[in-house]
Number of protein chains: 4
Amino acid sequence: MARITASAKATVRERLLAAAARHFARDGLKSASVDAISLDAGFAKGTLYNYFPSKEHLFAEVLTEGCRRAIQRYSAAQQGGSVRERLTALAAADVTVVREDEGFQQVLVREALAFREETYPLIVEHLSPFLRTVEEILADGVRTKEIRHDRPDQELALMFMGILTLLYVQYWGSRGQWPDLDSIPELVVTTFLDGAAVR
Amino acid sequence: MARITASAKATVRERLLAAAARHFARDGLKSASVDAISLDAGFAKGTLYNYFPSKEHLFAEVLTEGCRRAIQRYSAAQQGGSVRERLTALAAADVTVVREDEGFQQVLVREALAFREETYPLIVEHLSPFLRTVEEILADGVRTKEIRHDRPDQELALMFMGILTLLYVQYWGSRGQWPDLDSIPELVVTTFLDGAAVR
Amino acid sequence: MARITASAKATVRERLLAAAARHFARDGLKSASVDAISLDAGFAKGTLYNYFPSKEHLFAEVLTEGCRRAIQRYSAAQQGGSVRERLTALAAADVTVVREDEGFQQVLVREALAFREETYPLIVEHLSPFLRTVEEILADGVRTKEIRHDRPDQELALMFMGILTLLYVQYWGSRGQWPDLDSIPELVVTTFLDGAAVR
Amino acid sequence: MARITASAKATVRERLLAAAARHFARDGLKSASVDAISLDAGFAKGTLYNYFPSKEHLFAEVLTEGCRRAIQRYSAAQQGGSVRERLTALAAADVTVVREDEGFQQVLVREALAFREETYPLIVEHLSPFLRTVEEILADGVRTKEIRHDRPDQELALMFMGILTLLYVQYWGSRGQWPDLDSIPELVVTTFLDGAAVR
DNA sequence: CATGAATGAGAATTCATTCAT
DNA sequence: AATGAATGAATTCTCATTCAT
């Protein structure tokens, strides 16, 4: 089966990555089995090693690929409108990505919440553009007096992303019971902006 | 007075559990080593099996023990005062517990965020008393018009607990950089009640 | 099976080493199977790893143990007598060791002839006392005019050891046809001292 | 004139054999990699299997080819002159072959010293013409009283070849420190004929 | 009870070999 | 004829668990 086209190779690679994402999302790095991943992708176990030198490298590639795809999250953020509108749009873009790449994004979220030495830099690299986008929106909001200025933008941005992450976890954990993906953008924004207190 | 019993010589079982909590918190269920746990507790590895039938049982016991200890979280909640005061007190009590039993609480949080089939019931069992306490406070708040009534108490309570958990994760992940434990009660309450928007 | 006596542990270790020596002698480092060695020694495959951290370490230990036992080779050399008598005695002592530890000595000889980077230092360490003993005998012989002085002692000593090694290899290769072990001491000495030419 | 054909463009098979000889000489049968051999020869790994059915067959072919080339060793032996002169000429011819085909000859020597069942017949087949040539020279020498008659010609011939082999091993092992190739013919003859004893 | 040596199922990884292109 | 992707048997090594002492 030699002389396969470059695109065919890329397809195999993608199938392996996708299977790996599913397994890592469900089982974590340690518990996921290389054999099972390969088999799940439709190949014998040896095949995986023609594409990735080790389980750890495969995991890193899943993370990287997840990040690469997630770039759309923040690049889709629109420029104009109120802070509420822009944050909602950002969250909506994010939800779209998550819906399409559930495995990858689960792995990202799991790693983000685990804070492991080995993957921390990768995760930070992935999160920071998203965070910066949020910070910019918030900074604009402070200027327009939409956002309170008694808490640092960075901390607020972290909270926004945290609440969003939280809702994903809740979504995955409840198997879609509550919340569902579609309601997440509004939920995260109202939670973040308005709080629970009566005004 | 509690201090007297607490300082009493730890039983073998408790030492094993504490060591297990530390290791599970750091390494997770799969990566933690039975051998290392036993050794860390000051025993040979065989000893552990005189107290727990398997690694999985040990993990479950750590979870259970963590829950048992965490009961103080919500039982310490005071009855009177404003919603803000009561939620702050509840969070403060929670922080106290976390500070004392960091390993156990990390394991709980990690499991809570992973939503694994095997441990889900245990986690829910642990969370529900806490959640119900929050719900009660919020229900009181709705009655006193301190809390908005356009969102179900249950969902709001979940968000409160989620934000609290988030701050713990952020605390552990940043190695105490931000936030520190002491600032968490106020942070969670203001985030939850007030939101980021200017009023 | 805990609380085994120290001597029982040593026995297990020795059985593993002996089995390893047999297998390494026959198959070499790469082809020998850790599982087969453990099984051959009468243990399950995992047991070997309670005594040696890796196949390479095991191999090194076999080499080291072979060297340790081979110390008798040269320490048994008598002081007095003619060069011929002393060399014969040295070779005879060597043959005795080889007869008792055939596996170990085969591994040593194989490694000595392979000159691999990894084991070269160990081999040299093992050979040098033997070589020095030969050199001393030869130096005495030069003084007493028994040995020709037109070739460096070191090179002559290397040749002596080489011829001895050669005879072992020939013995193992011919499966004892020629030479047999008993005839080796005289053979090596007459080959080394007298040469094939008529005088 | 031989040089013309020799410098002719090597066929694929010959390039593969040459690469294989290099790798087998360095790494041995087991550790050498089919992949690396093919690549080293300038082909993809599949190509090798168009010429040799298996790694073992390839190894056997390297051995056979080494033997075929080594025929010059003994065929170059001159007829006239003293035993010393004839043996020196034989060794010199041998050294020339070794110098040109180092990889092949290293594989041969390694195998000769390992005495493995699988390759023993091949090795013997290769050695016997060389041995017979030596035996003939020695038999002539016995007749002319140049060679002692108290030891069988066959054993003496084996020792001569053994000492020669030994010097090659020592040359390879010391990376040319001692002896160098040029000095080997005289060394082997003087060691073999004269011995170390003063006459 | 505590111990820790022995166990062996299981996991990651290697690599000679096959075969479609 | 050359290629190199796919294969899967084989191998090393890990570690939870057992159990004799």
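In what follows, chains carry the letters A, B, and so on, assigned in the order in which the sequence lines appear, proteins first and then strands, with residues in each chain numbered from 1. Here the structure is a predicted model, which means the values were calculated and not measured.
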Quiz item: Under the salt bridge (Lys or Arg N to Asp or Glu O under 4.0 Å) test, which residues partner A/E118, sequence neighbours left out?
Solution: A/R116
Quiz item: Reading DNA chain F 5' to 3', what string of ( ), [ ], | and . shows its pairs, if Watson-Crick and G-U wobble pairs count only when both distances fall under 3.5 Å?
Solution: .||||||||||||||||||||
Quiz item: Which pairs with one or both residues in residues 49-64 of chain B pass salt bridge (charged side-chain N to carboxylate O under 4.0 Å, His left out), sequence neighbours excluded?
Solution: B/R13-B/E61
Quiz item: Within this structure, what is the NZ-to-C1' distance between C/K30 and F/dA10, rounded to whole angstrom?
Solution: 13 Å
Quiz item: According to the ring-ring contact (aromatic ring centres under 6.0 Å, His included) rule, which pairs have a member within residues 11-66 of chain B, sequence neighbours left out?
Solution: B/F24-B/F59
Self-check item: Contacts of D/E102 that satisfy side-chain hydrogen bond (donor to acceptor under 3.5 Å, both in side chains) - sequence neighbours left out
Solution: D/W172
Quiz item: Excluding sequence neighbours, so at least two apart, what forms side-chain hydrogen bond (donor to acceptor under 3.5 Å, both in side chains) with C/D35?
Solution: C/K45
Quiz item: Is there a donor-acceptor contact under 3.5 Å from the side chain of C/T11 to the main chain of C/S7?
Solution: yes
Practice problem: Using a cut-off of strictly less than 4.0 Å between a heavy atom of the residue and any atom of DNA chain F, enumerate the qualifying residues of residues 34-64 of chain D by number. | Solution: D/F43, D/A44, D/K45, D/G46, D/T47, D/N50, D/Y51
Self-check item: Pairs touching residues 19-29 of chain A that satisfy salt bridge (charged side-chain N to carboxylate O under 4.0 Å, His left out), sequence neighbours left out
Solution: A/R22-A/D40
Quiz item: Excluding sequence neighbours, so at least two apart, what forms side-chain hydrogen bond (donor to acceptor under 3.5 Å, both in side chains) with B/T119?
Solution: B/E111
